[in-house]
Amino acid sequence: MKIMATVLLLLVLFLPNVLPQEYAQWDLPEGAVACLGKGNVEEILYSPDGSRIAVISTIGIWLYDTTTYRRITMLAGWTGWSSNVSFSPDGGTLATGGGYHDNTVRLWDVETGEEKRVFTGYRRSVDSVAFSPDGRTLASGSWNRTVELWDVETGEEKEDFTWYMSSGKGLAFSPDGRTLSSASPDGTVLLWKVD
């Protein structure tokens, strides 16, 4: 019995240093190259250049390098969880919309995981976030029946649109940045003139 315990102890001590996420790579289905994320995954999103992937789950947001599949950082600092994110066009910033208990929009540095800015004033959860093509404006749609446009650099609110629908699900800018579309669970899509 002592010999077996000694052998087990030696095996544990001399195993290579392996991160817990790497254990998940050992038993992948055929054709899969990696297993990322923890908790119930709500959304995944590639950065514009494809070098990063954001995995959004009910317990956090993880950023991974798509070449090595190693975790870069975990974004932390809000009290709820987020099910909607958007990369800036240059891929350096990630916007997250707070759900249920947070009611904020946050901007994060993709390389460091540091929080850059917080947009507050929402009474309900934020359902969608989207960067304009030039990266200077961030749109957010909320359950408080508004779509708001924010100046990314200053944090100032530029404009808000209020409408009759129940929530601001899905936002997208046109390629020229002059039109913003917003979708709602009632099946309606509205087009807004950004200027």
Side-chain angles (χ1 to χ4, degrees), residues 36-37 42-57 60-68 71-78 80-99 102-122 124-144 146-163 167-184 189-195:
L36 309 176
E42 299 288 326
E43 186 176 355
I44 51 177
L45 183 67
Y46 278 92
S47 62
D49 67 0
S51 67
R52 303 286 184 258
I53 188 169
V55 178
I56 301 90
S57 81
I61 298 175
W62 285 266
L63 295 174
Y64 293 91
D65 182 292
T66 57
T67 304
T68 64
R71 184 182 69 163
I72 298 167
T73 189
M74 177 190 162
L75 307 182
W78 68 90
W81 58 274
S82 177
S83 62
N84 55 88
V85 298
S86 179
F87 277 100
S88 61
D90 67 3
T93 302
L94 186 75
T96 61
D102 189 60
N103 303 342
T104 64
V105 172
R106 296 172 189 262
L107 300 182
W108 306 87
D109 185 289
V110 170
E111 292 303 317
T112 65
E114 296 293 318
E115 185 178 275
K116 296 168 73 170
R117 185 173 304 285
V118 180
F119 303 107
T120 60
Y122 300 95
R124 309 282 300 274
S125 64
V126 179
D127 293 325
S128 187
V129 290
F131 278 97
S132 63
D134 65 8
R136 293 186 208 161
T137 302
L138 181 73
S140 62
S142 172
W143 270 90
N144 64 359
T146 61
V147 171
E148 294 174 311
L149 300 180
W150 301 93
D151 185 299
V152 171
E153 189 170 324
T154 67
E156 298 294 318
E157 183 179 319
K158 297 167 80 169
E159 188 67 63
D160 70 66
F161 311 112
T162 304
W163 75 102
S167 71
K169 298 290 273 182
L171 295 172
F173 280 93
S174 61
D176 65 7
R178 298 174 63 189
T179 304
L180 178 70
S181 61
S182 64
S184 177
V189 174
L190 295 178
L191 302 179
W192 308 88
K193 289 184 178 180
V194 173
D195 59 359

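This structure is a prediction, so every number in the text was calculated from the model and none was measured.
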Give a yes or no on whether the backbone of L171 and the side-chain of S128 come within a donor-acceptor separation of less than 3.5 Å.
yes

Within this structure, what is the CG-OG distance for the pair L191 and S182, rounded to the nearest 0.5 Å?
8.0 Å

How close do P89 and P133 get, heavy atom to heavy atom, and via which atoms?
CG-O, 3.2 Å

Do you know the tightest heavy-atom contact between V110 and L63?
O-CD1, 3.5 Å

Note, V129 side chain near T96 side chain (heavy atom, < 4.5 Å)
no

Approximate separation, where rounding is to 0.5 Å, of W108 CH2 and E115 CD
4.5 Å

Answer yes or no: is there a side-chain heavy-atom contact under 4.5 Å between T93 and F131?
yes

Test your reading of the model: is there a side-chain donor-acceptor pair from S86 to the backbone of A95, 3.5 Å cut-off?
no

Close side-chain approach of L190 to V147, heavy-atom, < 4.5 Å:
no

Spacing of N84 atom CG and S140 atom OG [to the nearest 0.5 Å]
9.5 Å

Heavy-atom closest contact (W150 atom, K158 atom, distance):
C-CD, 3.7 Å

Within the side chain of T66, is there an N or O that forms a donor-acceptor pair under 3.5 Å with the backbone of G50?
yes

Not counting sequence neighbours, which residues clear side-chain contact (heavy atoms from CB on, under 4.5 Å) with S132? List them please.
D134, T137, F173

If you compare all heavy atoms of P48 against all heavy atoms of F87, which two are closest, and at what distance to 0.1 Å?
CD-CB, 3.7 Å

L75 and side-chain contact (heavy atoms from CB on, under 4.5 Å): which single residue from I56, L94, V85 fits?
L94

Please name the pair of heavy atoms, one in D49 and one in R52, separated by the smallest distance, quoted to 0.1 Å.
OD1-N, 4.4 Å

Tell me, with the steps shown, if R178 and V194 meet side-chain contact (heavy atoms from CB on, under 4.5 Å).
CA-CA 5 Å; R178 298 174 63 189; V194 173; 5.6 Å; no

Just verifying a value: how many Å separate T73 OG1 and I61 CD1, rounded to the nearest 0.5 Å?
11.0 Å

Could you check if a side-chain atom of K193 sits within less than 4.5 angstrom of a side-chain atom of T179, using non-hydrogen atoms only?
no

Polar side-chain atom of D109 near backbone of E114 as donor-acceptor pair, under 3.5 Å
no

If you measure from the Lys or Arg side-chain nitrogens to the Asp or Glu carboxylate oxygens, is any gap between E153 and R117 under 4.0 Å?
no

Any chance CD1 of I44 has more than 12 other-residue heavy atoms, nucleotides or ligands included, within less than 6.0 Å?
no

